[in-house]
Amino acid sequence: MQVLPAGPDALLVELPLPAEVPLLYADVCRDLTCADLVPGARTLLLDGVADLDAARDYLAAWVPAGGSADRVGPVVELPTTYDGADLDDVARRWGMTRAEAVATHSGAEHTVAFVGFAPGFAYCTGLPPELSVARLDRPRARVPAGAVGLAGEYTGVYPTASPGGWRLVGRTEARLWDADRDEPALLTPGTRVRFVEVTG
Amino acid sequence: MSRALTVLDAGPLTTVQDGGRRGYAHLGVPRSGWLDAPAARLANRLVGNVAGAALAETTVGGVTFRAEAALTVAVTGAEADVLVDGRGAAWGEPISLPAGAVLRVGPARRGVRSYVAVAGGLDVPPVLGSRSTDRLSGLGPPPLADGQVLPVGPGRRPHPLDVPRVAVTDGVLRVAEGPREDWVRGGARRLVENAWTVAPDSDRVALRLAGPPLDRARSGELPSEGLVLGAVQVPPDGQPLVFLADHPTTGGYPVIGVVALDDLWQCAQLRPGESVGFRHVAG
């Protein structure tokens, strides 16, 4: 673990393994007082830390203890229609038929690694690294809310319509973001996500 | 008549701002909130508001309101002519507006953003606990529009005395070490050694700077990581930017420094073309 400076009341913690980020996030949420905790791909940002010295001591003593059932996040199922404009292209990149690509994506258990880009936009890991796909060379001017896309090692679902460069494989009717709900984001860091194929 | 301000002329960009919506960065929600915090807090104090009351933040061009009831207001931040029904009124002091009076805040004489506080605060519906307009994500109320009626909350008795601060930017930003200083050749020292000017595309998201491009010391991608307010980020073009209240919660370009919180108000008031320098401080 590396603890990097990030201003007067913040620390950026870089972890050796991406899988350790959700573990540290859950532990720091429980044990330290911070204004904001922002998981990234390999990092956890502790921002507005009440006691920096205590936080440094805590981090120095922290060991990842993962895997037990009480440490994993809730499961959210996203009914997904796999009819995205880039599905055939993704299947070809994966060396699969369209049906095999859908089975591969919906068969994986995905986990929200972090949320960024837009409110409620979750970066979900779960596909094996060899299935990483590059972003589109030219982003689309408008991607509709609910579109399910792939970029790099991540699956993401657009919470609201926006420009976007992810390769679209499907869409879900699930409401990803609603600022009036008690929990505005459906997908939060650590949530496990299953994309359940809807046909017809 | 109900306590309200009607927007007669919204100016080029006037938004509602309060202390912002912290605590949602893990959901991708920017913190938002007023850019020149000392000026905004002063305006609220002058009209007797609680510290987090929502007020109006202008951008260079000013704003005109009509008071629909007798209201107390104050203008701070960027200095501007203040007129009530066409007659000069005080900048940086409480002003009593009779019902029907027109308050005009002129274009900023220097600086960028003036703050117009009203006793009781602008009572638009909060989103995630804040009434701030977030220009990045679109959360909060849209920018003010001509003809819009802004409800105003119940007022309290103003403080008897406060001292308006005529703050003059010196363009020097204190910067502490950032997490990815080693990604730029020469590190944060290069920020300090060079002279910068404010780029015209600066906004509530970032103060964008122009100067000799900073060279990357290492190539490759930086996986997305959390960003703090005041982070000095270096995109591929080597022109650094200082992230302000509407900054994205995560980013993939290296952050080589962090501007001191007490200097961020200057970023709210520096105009395109003005000079910016950095002074290194311990983190």
Side-chain angles (χ1 to χ4, degrees), chain A residues 2-14 18 21 25 29 34-49 52 112-123 151-154 156 159-162 176-190, chain B residues 19-32 125-130 134 136-140 174-183 188 221-232 243 247-252 254-264 281-283:
Chain A
Q2 242 194 316
V3 180
L4 302 165
D9 64 352
L11 299 169
L12 184 70
V13 185
E14 188 166 45
V21 175
Y25 173 69
C29 270
C34 305
D36 273 301
L37 278 180
V38 192
R42 308 265 189 284
T43 55
L44 180 67
L45 173 68
L46 284 64
D47 193 6
V49 182
L52 270 185
V112 177
F114 62 99
V115 180
F117 174 62
F121 190 103
Y123 289 69
E153 62 194 297
Y154 301 107
T160 47
S162 73
L176 275 294
W177 176 259
D178 181 349
D180 293 330
R181 280 194 306 230
D182 281 347
E183 182 53 79
L186 183 61
L187 307 182
T188 58
Chain B
R21 45 182 75 82
R22 278 203 100 174
Y24 296 97
H26 64 295
L27 303 182
V29 175
R31 75 157 72 188
S32 195
V127 176
L128 299 179
S130 166
D134 176 354
L136 185 75
S137 76
L139 290 179
R174 287 165 296 167
V175 65
E177 190 188 356
R180 304 295 177 187
E181 210 180 334
D182 55 333
W183 278 62
E221 291 280 306
L222 185 63
S224 287
E225 59 190 28
L227 291 168
V228 297
L229 182 67
V232 183
F243 275 126
H247 72 82
T249 56
T250 60
V255 169
I256 64 167
V258 180
V259 171
L261 222 50
D262 288 347
D263 287 345
L264 285 175
V281 292

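Numbers restart at 1 for each chain; the letters A, B, ... are given by sequence-line order, proteins then strands. Any value given below was found using the heavy atoms of this structure, including those in side chains, with hydrogens, waters and symmetry copies removed. This structure is a prediction, so every number in the text was calculated from the model and none was measured.
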A.B. asks: Please flag which part of B/V127 lies under 4.5 Å from any non-hydrogen atom of chain A: side chain, backbone, both or neither.
C.D. replies: side chain

A.B. asks: Look up atom CD in A/E153 and atom OH in A/Y123, then write down how far apart they are to the nearest 0.5 Å.
C.D. replies: 11.5 Å

A.B. asks: For residues B/R21 and B/G140, report the shortest heavy-atom separation together with the two atoms involved.
C.D. replies: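 That would be NH2-CA, 3.7 Å.
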
A.B. asks: With chain B, which of A/G48, A/A10, A/A118 has the greatest number of heavy-atom pairs at distances under 4.5 Å?
C.D. replies: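 Going by pairs under 4.5 Å, I would pick A/A118.
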
A.B. asks: Below 4.5 Å, heavy-atom pairs only: which of B/P179, B/P223, B/G252, B/S137 has the largest tally toward chain A?
C.D. replies: B/P179

A.B. asks: Got a second to check how far B/L128's CG is from B/S32's OG, nearest 0.5 Å?
C.D. replies: 11.0 Å

A.B. asks: State which residues pass side chain to side chain donor-acceptor pair (under 3.5 Å) with A/R42; sequence neighbours excluded, sorted by chain then number.
C.D. replies: none

A.B. asks: Which region of B/L136, side chain (C-beta onward) or backbone (N, CA, C, O), has a non-hydrogen atom less than 4.5 Å from a non-hydrogen atom of chain A, or is it both or neither?
C.D. replies: neither

A.B. asks: Please flag which part of B/A176 lies under 4.5 Å from any non-hydrogen atom of chain A: side chain, backbone, both or neither.
C.D. replies: neither

A.B. asks: Heavy-atom distances under 4.5 Å only: say whether A/E14 touches chain B with side chain, backbone, both or neither.
C.D. replies: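 Just the side chain, heavy atoms under 4.5 Å.
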
A.B. asks: Just so I understand: if I count every heavy-atom pair under 4.5 Å between each of B/T250, B/L27, B/V29 and chain A, which residue has the most?
C.D. replies: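 Top count of heavy-atom pairs under 4.5 Å with chain A: B/L27.
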
A.B. asks: Less than 4.5 Å to any heavy atom of chain B: does that hold for the side chain of A/F117, its backbone, both, or neither?
C.D. replies: backbone

A.B. asks: Checking heavy atoms, do the side chain of A/P184, its backbone, both or neither come under 4.5 Å from chain B?
C.D. replies: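 Just its side chain gets close to chain B.
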
A.B. asks: Measure the spacing between CZ of B/R31 and CG of B/L229 and express it to the nearest 0.5 Å.
C.D. replies: 4.5 Å

A.B. asks: Measuring only between side-chain heavy atoms, which start at C-beta, is A/F114 closer than 4.5 Å to A/V21?
C.D. replies: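 They are not in side-chain contact.
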
A.B. asks: Which one of A/T43, A/V38, A/D36, A/L12 has the most heavy-atom pairs closer than 4.5 Å to chain B?
C.D. replies: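 Most pairs with chain B among the choices: A/D36.
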
A.B. asks: What pairs with B/D182 under side chain to side chain donor-acceptor pair (under 3.5 Å), at least two apart in sequence or on another chain?
C.D. replies: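 Partners of B/D182 by the side chain to side chain donor-acceptor pair (under 3.5 Å) criterion, ordered by chain and then number, come out as B/R218.
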
A.B. asks: At a 4.5 Å cut-off on heavy atoms, which part of A/A35 comes close to chain B: side chain, backbone, both, or neither?
C.D. replies: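 The answer is both parts of A/A35.
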
A.B. asks: In Å and rounded to the nearest 0.5 Å, what is the CD to CG distance from A/E183 to A/D178?
C.D. replies: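 Nearest 0.5 Å value for the CD-CG distance: 11.0 Å.
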
